[in-house]
Amino acid sequence: MQYLSTRGQVDHIPFTRAVLMGLAEDGGLLIPRTIPRIGAETLATWEEMEYTELAFEIMSRFIDDIPNNDLQQLIDKSYATFNHADITPLAHCGDLHILELFHGPTLAFKDVALQFLGNLFEYLLEKNDSVLNILGATSGDTGSAAIYGVRGKERINIFILHPYQRVSPVQEKQMTTVLDDNVFNIAIKGSFDDGQAIVKRIFGNVDFKSEYNLGAINSINWARVLAQVVYYVYSCLHIKKHENQSAVDFSVPTGNFGDIFAGYIAKKMLPEGTIRKLVLATNENDILSRFVNDGVYSTADVKQTTSPSMDIQAASNFERYLYFLQDGEPERTRDLMEEFQATGRIDLTSCKDHICRDFYAKGVTEDEVRETILHFYKEHNYILDPHTAVGVHAARKFQRQGVPMICLATAHPAKFGDAVDAAIGRQPDVPKALEGILEQDSRCELMECDANLIQDYLKTHARHG
Ligand SMILES: *Cc1c(COP(=O)(O)O)cnc(C)c1O
């Protein structure tokens, strides 16, 4: 499989180069040249497969520059850290299926992709005899999943900036109690946006970036999308096998459009109609649900909600979908993204039919999130985290008789205990991974919000090839 950029200036590169490039060199996003199709017969032979076997079948169709044995080993190693035999099990609550994606080390769905990406980086760096210094800013969840993805790895150091005392105590401890030598947590005296701006500044320093082999781990990396395609197919197969239903809908709590874009790829791969619709669920930061419903993609101010991992207004993966919406025309994609950059708005009303073939969408209010958590708990004795509740609420609106609805559960409720408590009047049970975490030893550097200071810190602690 060859990869190309949505903006057309990078083309014919193999998977491993696409992974190491991250963002395409022309500013676009990398995508596979074609989407492999899976016929009904092939799909039927996958029904009995374990998660890791299925992951190999899917990923190997997008990767032809890693030997099969190595790829299977990378996959096995990545999912051995999950604490459930099915990796991403389905829970059945009334007429909804809850796809639990939170059985990885940091209890959020980002582990599914970042455990794999960490091992993949390690493997590629070994092959190329090189090193990587990962730099990122986090508002909470991504930081810990990224840190757990690369902790203890020989050729990688990771530097994660978080806003001092503006992440939850559990989120802070999930990052700072990882004491491996290659992990550097920096609390900055500022906001998440300040952290993001510092990271952008440092990445903008091209000489520094190449001298220190700086890399990013954010959701634009194609390997992350690819790893997420697997659980869509896995849960379709589960429903086919256990309920003999061959068409399903998915509801996806959405922020950066990464997870639901993986669903879109799965939809294109599988036989027509296997995935009927994708429900795009946002919180009150509703740029994407407005886009689906009105055909206009336009930013607004970011609001703080109880589902902070979705408090996003410009979705970093949106450009990939836009490229498909423009029938794979890189010039039009680039022009539209430039227009969005300049004006904060693009009008895609002429594409409405196309959009509605694949998606439904709803923005969910904070009151609706609270009510959903409460009702679900009363009815099914099952505790939803606030992100998952956004998806469940939207799913209810679009659910159709006779079509199973699978709701993606993107975080364990214990990660957002206070929001859950506010809804149901008790804290969720604390899973083993979080037990005693607040009392554990931690390590973190507190720094002023100053890009030069942070760049100097990186110089001192960077890994050298
Ligand atoms: C990141 C995240 C999301 C949003 O996923 P995107 O790929 O950004 O759309 C939803 N829920 C949780 C818990 C997350 O951490």
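Note that ligands are numbered from 1 as they come in the structure, with each ligand's atoms numbered from 1 the same way.
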Going by the angle between their ring planes, with limits at 30° and 60°, are Phe340 and Tyr297 parallel, tilted or perpendicular?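 Rings of Phe340 and Tyr297: tilted, 30 to 60°.
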Which of these passes ring pair (Phe, Tyr, Trp, His ring centres under 6.0 Å) with Tyr51: Phe116, Phe82, Tyr231, Tyr79? Tyr79
Contact (N/O only, under 3.5 Å) between Gly258 and ligand 1: yes
Counting from 1 in the order shown, the ligand 1 atoms closer than 4.0 Å to a non-hydrogen atom of Gly255 are 4 (C), 6 (P), 8 (O), 9 (O)
Contact atoms of ligand 1, heavy-atom distance to Ala411 under 4.0 Å: 13 (C)
Ring centres of His354 and Phe324 under 6.0 Å apart? no
Which protein heavy atom lies closest to atom 13 (C) of ligand 1, and at what distance to 0.1 Å?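 Here the nearest protein heavy atom works out to Thr410 OG1, 3.4 Å.
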What atoms of ligand 1 come closer than 4.0 angstrom to any heavy atom of Thr254? 9 (O)
For Arg201, does the CZ atom sit with more than 12 other heavy atoms under 6.0 Å from it, leaving out its own atoms?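 No, CZ of Arg201 has 12 or fewer neighbouring heavy atoms, counting only those of other groups under 6.0 Å.
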Going by atom types only, do Asp180 and Asn182 share a side-chain donor-acceptor pair under 3.5 Å? no
Quick check: Phe62 with Tyr3 (ring centres under 6.0 Å apart)? no
Judged by modelled atom types alone, do Glu284 and Thr305 share a side-chain donor-acceptor pair under 3.5 Å?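 Result is no, nothing qualifies.
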Polar contacts were defined as any N/O atom of the residue lying under 3.5 Å from an N/O atom of the ligand; does this apply to Asp259 and ligand 1?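 Min N/O separation from ligand 1 is below 3.5 Å for Asp259.
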Do the ring centers of Phe250 and Tyr360 come within less than 6.0 Å of each other?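 No, ring centres 6.0 Å or more apart.
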Do any N/O atoms on Asn256 end up under 3.5 angstrom from N/O atoms on ligand 1?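 The answer is yes, given that Asn256 and ligand 1 share an N or O pair closer than 3.5 Å.
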Looking only at protein heavy atoms, which one is nearest to atom 3 (C) of ligand 1, and what is the separation? Phe109 CE2, 3.6 Å
Any idea which atoms of ligand 1 are less than 4.0 Å away from a heavy-atom of Asp141?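 Checking each atom against Asp141, I get 13 (C), 15 (O).
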Heteroatom proximity flag, Met310 to ligand 1, N/O under 3.5 Å: no
Short side-chain donor-acceptor distance under 3.5 Å, Asn119 and Ser78: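 Their side chains do contain a donor-acceptor pair, which is all the 3.5 Å distance test asks for.
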Would you say Lys110 and ligand 1 have an N/O pair spaced under 3.5 Å apart? yes
Does Phe261 come within less than 4.0 Å of ligand 1, judged by its heavy atoms? no
Taking both backbone and side-chain atoms of Phe257, is any N or O found less than 3.5 Å from an N or O belonging to ligand 1?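 Looking only at distances, the answer is yes, because the N/O contact criterion of under 3.5 Å is met.
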